[in-house]
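Note that the coordinates shown come from a computational prediction; the quantities given were computed from them, not determined experimentally.
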Amino acid sequence: MGLVHKDLLGLEELSKEEIGLILDTAEAMKEILGRDIKKVPTLRGRLVVNLFYEPSTRTRTSFELAAKYMGADVVNIAVATSSVVKGESLVDTAATLAAMGLDVLVVRHRAAGAPHLLARHLKASVINAGDGCHEHPSQALLDLYTIRARKGRLEGLKVAIIGDILHSRVARSDLWGLTKMGAEVRLCGPPTLLPQELARTGAKLVWQVEEALAGAEVVIALRLQLERQEQGLLPSLREYSRLWGLTTERLALAAPDVLLMHPGPVNRGVELDATVADGPWSAINEQVTNGVAVRMALLYLLLGEAGK
């Protein structure tokens, strides 16, 4: 069995079986990362292009390493110094990239739906590395992989996602993935940052962090996007930290073996206290390693033997 789609645009469109396939494949890829020589020829002769219209360190580097470990050639396009700043449209950019003979385009864009537009104009596979406030599927897949690796399962787990839900593409992808895999999801954050329509996904919406944390086996803290402060959606960062920030005292309300995750980068003292971010329950650094394995799995399933 392979992926039904030629692209990875979001977890909303993936089946439970496809998500399971990606996680199982990532398990095999992680074995490669444990070798002294992290190199296999699986994608030799293939071209992967990273096109990021927004700043990124973790995601772009993770995709680049994943491609190189599998023998592919990688081109990173810096939008700030490309023809985009001269007014080139997204469709024109797609045509230019197609002429280069690329096999996979990894794209991050500030506009929701941009990867979908590119996917319609390219024969190559398109991987959404984050589009507007829509989805960030590979981040959610590495979250699911990390949870399953630590907990041994996804079905039936109590998962709390806390923070700026409104603007978080990670939260939306996590929500789709977790609910499809049978987890019980609680969404928590300031009322101005917690969209009511997400209740239709089956998630429980709560405003008090203590209610979200009660008995939670997994806690995913989201990065508070500081630029939202300027929009008046929050009274202040101090107020946010006081009401929704995670401290050791609050984390004690969760299950004794709680797993803490964060997509990074962490605003220490805002979303997480330093003692929480560096505590024994934290899997933040593990998520980074798992991210490479998951992205290797995606490239393999879209381009490798399974993708032919």
Side-chain angles (χ1 to χ4, degrees), residues 52 54-62 108 129-130 133 136 138-140 142-147 149-150 159-175 185-194 206-214 216-292 294:
F52 280 64
E54 291 181 326
S56 170
T57 300
R58 286 168 177 79
T59 302
R60 186 189 59 77
T61 304
S62 184
R108 170 172 289 184
C133 294
H136 190 349
S138 64
Q139 176 68 44
L142 76 88
D143 287 348
L144 295 176
Y145 178 84
T146 303
I147 294 169
R150 283 286 197 98
V159 182
I161 303 177
I162 299 170
D164 181 359
I165 308 292
L166 177 64
H167 301 103
S168 176
R169 45 202 176 202
V170 174
R172 281 174 175 76
S173 288
D174 272 336
L175 179 55
V185 181
R186 306 166 187 172
L187 301 176
C188 177
T192 52
L193 300 176
L194 190 59
V206 297
W207 286 271
Q208 293 191 333
V209 71
E210 291 79 9
E211 183 181 353
L213 291 172
E217 296 160 281
V218 179
V219 176
I220 302 173
L222 301 172
R223 184 178 74 87
L224 184 64
Q225 301 184 44
L226 300 181
E227 57 271 23
R228 309 305 173 192
Q229 261 296 107
E230 302 171 3
Q231 297 181 11
L233 297 175
L234 291 171
S236 67
L237 293 182
R238 179 178 295 179
E239 183 79 355
Y240 178 89
S241 179
R242 186 177 70 83
L243 293 175
W244 292 281
L246 295 183
T247 62
T248 51
E249 293 77 18
R250 280 182 171 154
L251 209 56
L253 298 171
D257 61 343
V258 64
L259 176 65
L260 174 70
M261 303 198 302
H262 190 293
V266 177
N267 295 309
R268 289 174 179 259
V270 181
E271 304 113 20
L272 305 175
D273 277 1
T275 51
V276 171
D278 301 325
W281 40 70
S282 174
I284 296 173
N285 290 331
E286 188 179 335
Q287 285 176 269
V288 177
T289 303
N290 291 341
V292 178
V294 165

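For D257, the side chain to side chain donor-acceptor pair (under 3.5 Å) partners are K151, not counting sequence neighbours. The salt bridge (charged side-chain N to carboxylate O under 4.0 Å, His left out) search around R58 returns none, not counting sequence neighbours. Evaluation of the side chain to side chain contact (heavy atoms under 4.5 Å, CB included) rule for A140 yields L11, S173, D174 as partners, not counting sequence neighbours. Listed by chain and residue number, nothing satisfies the side chain to side chain contact (heavy atoms under 4.5 Å, CB included) test with P280 (two or more places apart in sequence, or in another chain). Residues meeting the side chain to side chain contact (heavy atoms under 4.5 Å, CB included) test with L253, sequence neighbours left out: E210, L213. Applying the side chain to side chain contact (heavy atoms under 4.5 Å, CB included) test to R268 and every residue at least two apart in sequence or in another chain returns V266, A274, A277, D278.
To the nearest 0.5 Å, atoms CG (L246) and CD1 (I162) are separated by 5.0 Å. Annotation: the span from I220 atom CD1 to Q287 atom CD amounts to 7.5 Å, rounded to 0.5 Å. The CG atom of L193 sits 7.5 Å away from atom CG of L224, with the distance rounded to the nearest 0.5 Å. Expressed to the nearest 0.5 Å, how far OG1 of T192 lies from CD1 of I165 amounts to 11.5 Å. With rounding to the nearest 0.5 angstrom, the NE2 atom of H262 is 12.5 Å from the CG atom of N285. The OG1 atom of T146 sits 4.0 Å away from the CG atom of N290 when rounded to the nearest 0.5 Å.
Formation of a donor-acceptor pair under 3.5 Å by the R242 side chain with backbone atoms of L237 is not found in this model. Panel note: side chain R186, backbone A212; a donor-acceptor pair is recorded below 3.5 Å. Checking side-chain atoms of R250 against main-chain N and O of G245 turns up a donor-acceptor pair under 3.5 Å.
Of all non-hydrogen atoms in F52 and A129, the two that sit nearest each other are CZ-CB, 3.8 Å. Across P190 and G163, no two heavy atoms sit closer than the pair CD-O, 4.0 Å. Shortest non-hydrogen contact noted between L142 and G291 is CD2-CA, 3.7 Å. The minimum heavy-atom distance between S282 and V276, with the atom names listed, is CB-O, 4.1 Å. When every heavy atom of A216 is checked against every heavy atom of A160, the shortest pair comes out as CB-CB, 4.2 Å.
Q208 CD: 12 or fewer foreign heavy atoms inside a 6.0 Å radius.
Side-chain contact between T248 and D273 is absent, with no heavy atoms from C-beta onward closer than 4.5 Å. Residues L222 and H167 form no side-chain contact, since every pair of their non-hydrogen atoms from C-beta on lies 4.5 Å or further apart. At least one side-chain heavy atom of R108 sits less than 4.5 Å from a side-chain heavy atom of R169.
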For a side chain to side chain contact (heavy atoms under 4.5 Å, CB included) check, start with the C-alpha distance between L194 and L187, then their side-chain angles and the critical distance, and finish with the verdict. CA-CA 8 Å; L194 190 59; L187 301 176; 3.9 Å; yes
Check step by step if side chain to side chain contact (heavy atoms under 4.5 Å, CB included) holds for W244 and D164. CA-CA 10 Å; W244 292 281; D164 181 359; over 6 Å; no
